[in-house]
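Labels below follow one simple rule: chain letters A, B, ... track the order of the sequence lines, proteins then strands, and each chain is numbered from 1. Note: hydrogens, waters and symmetry copies are ignored here, and every other heavy atom, side chains too, is used.
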Amino acid sequence: MSRQILVTSALPYANGPIHIGHLVEYIQTDIWVRFQQLRGNQCIYICADDTHGTAIMIRARKEGRTEEDLIAAMSHEHQRDFHRFGINFDHYGSTNSEANRKICGEFWNALREADLITERSIEQLYDPDAETFLADRFVRGTCPKCGRTDQAGDNCTCGHTYSPTDLVDPKSTLSGATPVLREATHLFVQLDKLHDWLVDWVNTSDALQSEVANYLKGHFLAERLRDWDISRPAPYFGFEIPDSPGNYWYVWFDAPIGYIASTQQWCDGHGERLEHWWKNDDCEVHHFIGKDITYFHTLFWPGMLKTAGYNLPTKVHIHGFLNVDGKKMSKRDGTLISADTYLKYADPSYLRYFYATKLTPRVEDLDLGVEEFAEKVNSDLVGKVVNLASRVGKFAHGTGLSENYPDDGGLFEAAAAAGDEIAKAYEACDYSRAMRRIMELADAANPFVEHAKPWEMKKDPARQDELRDVCTVALNLFRQLAIYLAPVLPDLTTQCSELLGEEIVSWEQSRTPLLGTSVTKFKRMLNRLQTEELQKMIEESKELAAAEADTTAEPTFNDSDQPLKDEPLADEITIDDFAKVDLRVARVIKAEQVPEANKLLKLTLGLGGDEQRQVFAGIKAAYEPEALVGRLVVMVANLKPRKMRFGLSEGMVTAAGPGNADVFILGVDDGALPGQRVH
RNA sequence: GGGGCUGUAGCUCAGUUGGUUAGAGCUGGGGACUCAUAAUCCCUAGGUCGCGGGUUCAAGUCCUGCCAGCCCUACCA
């Protein structure tokens with residue numbers, strides 16, 4: 001009984017190129033889809049570019065083009081890369097399509113009807129220059145806890161987390177402007193109304209890996225589910241909400257619906273009905289995703305599907321991240337290798353096979369060790385599998401295959417019997433196990449040729465029948481391997497088909513030997529992988545990253561000349577003049593308000609040990625005392641003490657800026673110690 | 001701090017419901033062959049199964065404590 005299966009991979013964001021980390025997922029999915037098709041199931045593979053959101057809007061603006069132009073170019077590039085890696089989508093759409101807008105509307109109405117939508121006003125930082133609300137990652141500023149500057153909008157390297165509205169001296173990374181708080185209405189999905197249903201679904205469906213189910217139960221379902229902020233105010237690149245003008249669906253609302261919209265487009269082109277795939281209990285829906293988007297696919301998405309009356313996922317297959325040589329991929333190390341760069345140095349089959357040997361049904365990170373990668377490809381694929389065909393190909397071209405299958409000591413039969421186990425492993429996404437079993441078969445096949453010594457038969461005209469029998473066995477064992485590897489190595493399968501003049505279309509072909517046909521001239525199938533090529537690949541990635549950093553860094557140096565005009569450079573001095581000023585690193589030990597003073601804060605500065613100075617600084621309008629405590633500042637330590645109305649000031653804290661709220665205290669890089677002199 | 005996962009030969013891993021001398025591939029050492037892409041074949045080396053307790057006639061396999069590593073999360077996913 002043939003199954004009907006719809007498969008998706010996560011939608012790549014139209015904001016950057018595909019890299020080898022992304023490919024883990026697409027290769028994993030593609031293998032599964034090809035396996036299902038080989039087994040005779042009706043299986044379609046749907047994907048699309050994820051195109052909406054602030055990041056796309058900002059990037060398009062920076063590049064001076066429309067969003068549509070940007071995402072069209074990106075989609076083209078993505079599809080080109082996927083194609084070159086043998087990722088065989090049945091349809092690759094875009095979330096920025098009319099089909100998607102329409103289905104989003106349908107989901108929206110269903111959520112409204114189920115009374116799951118609520119409205120609330122929230123305050124968010126707004127960039128008055130760029131005229132847009134700012135997501136956390138577009139705000140940087142000084143950590144309110146430790147005073148480190150240039151920290152991200154939601155957390156600091158000191159480990160503290162906070163809201164971007166807590167940042168001292170926040171700046172928009174888009175325009176450099178100081179963001180202001182602005183109120184806007186947002187729409188929320190009250191997910192907690194589906195709490196009981198979700199608990200039940202997580203417990204009873206087979207859709208989730210056990211560790212994922214545990215994670216959900218322990219983290220989210222253990223308490224009240226928070227409302228999900230599902231709208232963004234204009235300007236926003238996305239779909240405007242029909243019954244809430246000026247508000248747009250958040251990109252995470254329309255992205256998963258893109259799975260359905262893209263299916264719709266496929267249906268339109270193939271005379272199919274969407275209901276047959278998405279509103280049909282007989283159709284399985286499988287999502288392949290990375291662990292970072294677990295939450296969306298296992299709580300919100302099922303909730304939305306349930307509410308709108310679509311098929312729930314039969315299975316959400318979640319995989320871990322890719323490391324390279326045991327470390328996170330990084331641009332600096334050159335290990336964040338783009339699909340495009342990879343292809344200049346290595347065959348896509350290598351990566352497909354290597355990932356297959358590493359993938360298990362668990363949510364585990366996988367490691368691409370550069371040495372291991374080359375070893376595995378060379379010894380398994382070239383040395384064992386391809387070698388089997390390579391070593392008899394020349395002989396077989398003359399003899400063709402025997403009419404009857406010769407005695408091979410039970411090798412073919414054993415390999416045919418192993419098919420069920422291998423299929424089971426593929427089905428369970430346990431490719432690692434499948435590859436292991438297949439290589440065991442290859443290990444058993446090579447000794448057969450070795451012991452039969454076909455090269456001796458070749459020299460003896462009386463033994464040509466024997467020679468043909470040996471070739472028949474070797475090539476049939478090779479053919480079995482090619483069939484079992486077909487989901488992983490489509491190119492090898494094609495080459496096998498060409499060699500033997502038989503198209504490989506079904507897993508069942510592994511059960512019966514191919515006999516009595518001619519064999520075409522053997523052509524080399526796969527080259528060995530040189531580790532030097534991999535080194536070059538990493539080098540090129542490094543250079544690309546460096547070049548990119550150059551071009552992106554440039555605009556940030558576009559500084560105004562106003563400060564210099566306001567305060568021209570002073571007269572030249574000698575080094576001796578400068579040496580008279582004793583600048584020291586000091587730690588702010590105490591910082592207090594001076595009740596009667598308009599501009600002053602009273603600071604107690606430590607120079608290490610017991611050495612302390614009391615300093616009055618005119619920074620009241622710019623800094624909260626609490627934010628200063630613990631910070632390192634640079635002070636003029638040998639300034640003659642000066643009596644002020646509120647007490648003695650024994651030095652001066654250095655700072656830049658015209659005054660009032662625009663005062664910026666000089667800091668030092670990590671590692672400096674109180675008491676050290678500034679030279 | 002909370003949760004999850006992992007810890008078996010130099011490396012990557014397998015070890016089914018607890019049951020004979022713990023396995024494979026790669027690497028290393030020795031040999032053979034020459035059909036094959038410095039491919040292949042044969043032989044060989046090698047591990048107190050992270051550590052300590054416990055249950056059992058019997059534990060890598062179950063329970064418990066500890067140690068190490070990785071990941072997630074830390075009252076806005």
Watson-Crick or G-U counterpart of [N], or none if no pair lies under 3.5 Å:
N: rG60(B); answer: none
N: rU20(B); answer: none
N: rC35(B); answer: none
N: rA68(B); answer: rU6(B)
N: rU48(B); answer: none
N: rA77(B); answer: none

| Which heavy-atom pair separates G86(A) from R352(A) by the least distance, and what is that distance? | O-NH1, 3.2 Å
| Which atom of L191(A) lies closest to which atom of R226(A), heavy atoms considered | CB-O, 4.2 Å
| Side chain Y13(A), main chain H52(A), donor-acceptor under 3.5 Å | yes
| message | Donor-acceptor pair, distance only, cut-off 3.5 Å: does the side chain of Q124(A) make one with the backbone of F133(A)? | response | no
| Salt-bridged, K453(A) to E456(A), with N to O below 4.0 Å? | no
| task | Before accepting this row, confirm whether a basic side-chain N of the pair K384(A)/D443(A) lies closer than 4.0 Å to the acidic partner's carboxylate O. | result | yes
Using the [atom1] atom in both, what is the distance from [N] to [M], to the nearest Å?
N: rA9(B); M: rG18(B); atom1: P; value: 24 Å
N: rU20(B); M: rA59(B); atom1: C1'; value: 14 Å
N: rG54(B); M: rU16(B); atom1: P; value: 25 Å

| Do I422(A) and L441(A) have side chains that get closer than 4.5 Å, going by heavy atoms? | yes
| field | Validation row: V470(A), F448(A) side chains within 4.5 angstrom (heavy atoms) | value | yes
| remark: Nearest-nucleotide check on RNA chain B, T360(A) vs K328(A); residue mapping nearer the 5' end is T360(A)
| query | When you match K376(A) and D365(A) each to their closest nucleotide on RNA chain B, which lands nearer the 5' end? | reply | K376(A)
Using a heavy-atom cut-off of under 4.0 Å over every strand shown, decide if [X] touches base, sugar-phosphate, or nothing.
X: W228(A); result: sugar-phosphate
X: D229(A); result: nothing
X: F220(A); result: base

| How close or far is atom P of rA24(B) from atom CZ of R433(A), stated in whole angstroms? | 17 Å
| query | Which nucleotides of nucleotides 2-11 of chain B have their base under 4.0 Å from a protein heavy atom (B), which only their sugar-phosphate (S), and which neither (-), written as one string 5' to 3'? | reply | B---S-----
| remark: Heavy-atom contacts, protein to nucleotides 33-40 of chain B, under 4.0 Å, summarised as B (base), S (sugar-phosphate only) or - (none) per nt, yield SSBBB-SB
| task | Establish, for the pair K291(A) and F321(A), whether the NZ or CZ atom is under 6.0 angstrom from the six-membered ring centre and no further than 45 degrees off its axis. | result | yes
| said: I'd like to know whether NZ of K217(A) has more than 12 heavy-atom contacts from other residues, nucleotides or ligands below 6.0 angstrom. | reply: yes
